[in-house]
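Any value given below was found using the heavy atoms of this structure, including those in side chains, with hydrogens, waters and symmetry copies removed. By convention here, the first residue in the shown sequence is residue 1. Note that the coordinates shown come from a computational prediction; the quantities given were computed from them, not determined experimentally.
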Amino acid sequence: MNVKKELEEKLGMANGISLNNVDLDPLTIKAIMINEVVPCNPLQDFYGTSDADYLQTTLPLLRGAGAEAASIQDVLQMGIYITNAVKTPKTEYAIAKSSIENSLPYLEAELSLFPNIKVIMLMGDVAKKAFNMITKKATKKNAIPAVSTYKLRNSEIYYEGIRVMPSYIMTGGNILIEKSKVTMATEDIAAMLEIIK
């Protein structure tokens, strides 16, 4: 299955929306990591070039958590699919709520492509917000409490039988500055790897 093709068939092509052009077997995916936002240049995204900016920070996090991940293909073979909550590049420092809302139908349809998911990791506040918007639409309440991520990290949160793990952003230059968040994100990824073994 090609993710981009599948989503475009379900929802149509939308202007400015950037979807993962990747072929995979949806049945093999056991975890989804939701990053915050697509980069301005699609080649720098997870499924862009082999030395894409997004992989420069993500692969070391996975390796730090004990995964043998030298490429995005290695990540997929482990049963981990990575995507972005917001499918349009950000134009300002903060991501507008409208950007999240415009991408939501795509994210929701994307999550539904994978029937064997055990874990959804929310890498950053935007991913947390987007996931809560999806769950609120379905259940009239947020799946993730409105509490700081560090307070939620050790809680076991489930949505429709899937473990949902709020964590920290895994892309961008800031991740290299905040060592404590790198440590916590690595610990969270290690916990996810244990669940999907």
Side-chain angles (χ1 to χ4, degrees), residues 3-4 7 14 16-22 31-48 52-62 64-65 69 72 75 80-111 114 117 119-137 142-153 157 159 162 164-189 192:
V3 174
K4 179 178 179 161
L7 294 175
I17 293 279
S18 185
L19 302 171
N20 292 329
N21 189 5
V22 59
I32 298 178
M33 297 174 80
I34 304 175
N35 185 51
E36 294 202 328
V37 62
V38 297
C40 293
N41 179 350
L43 293 176
Q44 299 306 324
D45 207 344
F46 300 107
Y47 306 96
D53 287 349
Y54 274 19
L55 293 175
Q56 297 296 320
T57 51
T58 301
L59 293 175
L61 282 174
L62 284 156
I72 193 64
V75 177
I80 302 166
Y81 174 71
I82 306 176
T83 193
N84 296 292
V86 177
K87 312 293 185 190
T88 51
K90 65 180 182 178
T91 51
E92 294 167 32
Y93 181 74
I95 295 169
K97 188 179 179 191
S98 61
S99 292
I100 302 174
E101 288 167 343
N102 292 341
S103 297
L104 222 49
Y106 290 92
L107 180 63
E108 196 169 2
E110 194 172 18
L111 295 177
F114 304 100
I117 293 301
V119 182
I120 294 176
M121 291 196 76
L122 306 173
M123 308 305 288
D125 290 340
V126 172
K128 211 161 64 171
K129 260 186 214 144
F131 191 75
N132 270 341
M133 286 174 164
I134 290 171
T135 61
K136 199 168 195 168
K137 197 172 82 174
N142 290 336
I144 310 298
V147 183
S148 297
T149 298
Y150 77 92
K151 291 181 180 173
L152 293 171
R153 285 183 59 237
I157 300 167
Y159 177 72
I162 297 168
V164 182
M165 301 174 72
S167 190
Y168 296 97
I169 190 157
M170 60 185 180
T171 56
N174 290 350
I175 192 170
L176 305 170
I177 301 163
E178 300 187 64
K179 297 284 185 237
S180 64
K181 286 186 178 174
V182 170
T183 302
M184 289 186 280
T186 303
E187 289 167 358
D188 297 342
I189 292 167
M192 175 268 289

Residue pair Leu19, Val3: steps toward the side-chain contact (heavy atoms from CB on, under 4.5 Å) verdict:
CA-CA 8 Å; Leu19 302 171; Val3 174; 5.9 Å; no
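- Annotation: side-chain hydrogen bond (donor to acceptor under 3.5 Å, both in side chains) contacts involving residues 37-48, sequence neighbours excluded, comprise Asp45-Asn84.
- With contacts defined as side-chain heavy-atom distances shorter than 4.5 Å, the pair Val126/Val37 does not qualify.
- Taking 4.5 Å as the limit, every side-chain heavy atom of Ile32 sits out of range of all side-chain heavy atoms of Glu110.
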Worked verdict on Lys129 versus Glu101 for salt bridge (Lys or Arg N to Asp or Glu O under 4.0 Å)
CA-CA 10 Å; Lys129 260 186 214 144; Glu101 288 167 343; over 6 Å; no
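- Interatomic distance, CG of Leu59 versus CZ of Phe46, reported as 9.5 Å (0.5 Å rounding).
- You'll find the side chain of Ile144 reaches within 4.5 Å of the side chain of Leu152, heavy atoms only.
- One distance of note links CD1 of Ile95 with OG of Ser103; it measures 9.5 Å at 0.5 Å rounding.
- Remark: Phe131 pairs with Tyr159 by the ring pair (Phe, Tyr, Trp, His ring centres under 6.0 Å) rule, at least two apart or across chains.
- Between the Lys4 side chain and the Leu7 main chain, no donor and acceptor come within less than 3.5 Å of each other.
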For salt bridge (Lys or Arg N to Asp or Glu O under 4.0 Å), just list the numbers for Glu108 and Lys137, CA-CA rounded to whole Å, side-chain angles, deciding distance to a tenth of an Å, and then say yes or no.
CA-CA 11 Å; Glu108 196 169 2; Lys137 197 172 82 174; 2.7 Å; yes
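- Listed for the Thr149 side chain is no donor-acceptor partner under 3.5 Å among the backbone atoms of Pro166.
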Ile100/Met133 under side-chain contact (heavy atoms from CB on, under 4.5 Å): CA gap, chis, key distance, verdict
CA-CA 9 Å; Ile100 302 174; Met133 286 174 164; 3.5 Å; yes
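- Residues Met33 and Met170 meet the side-chain proximity criterion, which asks for heavy atoms closer than 4.5 Å.
- Panel note: side chain Asn35, backbone Ile169; no donor-acceptor pair is recorded below 3.5 Å.
- Between Ser167 and Ala185 the shortest heavy-atom distance is OG-CA, 3.5 Å.
- Between Asp53 and Thr171 the shortest side-chain heavy-atom distance does not fall below 4.5 Å.
- Summarising the geometry, atom OG belonging to Ser99 is positioned 10.5 Å from atom NZ belonging to Lys90; distances are rounded to the nearest 0.5 Å.
- In this structure, the side chain of Thr135 engages the main chain of Ala143 through a donor-acceptor pair within 3.5 Å.
- Between the CG atom of Leu107 and the CD1 atom of Ile34 there is a distance of 5.0 Å, given to the nearest 0.5 Å.
- With contacts defined as side-chain heavy-atom distances shorter than 4.5 Å, the pair Met123/Ile189 qualifies.
- Of the possible donor and acceptor atoms, none in the side chain of Glu36 sits under 3.5 Å from a partner among the backbone N and O of Val86.
- With hydrogens and angles disregarded, a donor-acceptor distance shorter than 3.5 Å links the side chain of Tyr168 to the backbone of Tyr150.
- Nearest approach of Gly16 to Pro89, heavy atoms of both residues: O-CD, 4.3 Å.
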What's the verdict on side-chain contact (heavy atoms from CB on, under 4.5 Å) for Ile17 and Thr88, showing C-alpha distance, side-chain angles and the deciding distance?
CA-CA 5 Å; Ile17 293 279; Thr88 51; 4.0 Å; yes
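- To the nearest 0.5 angstrom, Thr58 atom OG1 is 11.0 Å from Ile80 atom CD1.
- Proximity of Ile117 to Tyr81: side-chain heavy atoms (C-beta onward) are nowhere separated by under 4.5 Å.
- We find the OG1-NZ distance between Thr186 and Lys181 to be 13.5 Å, quoted to the nearest 0.5 Å.
- With a 4.5 Å cut-off on side-chain heavy atoms, Met165 and Ile120 do not count as touching.
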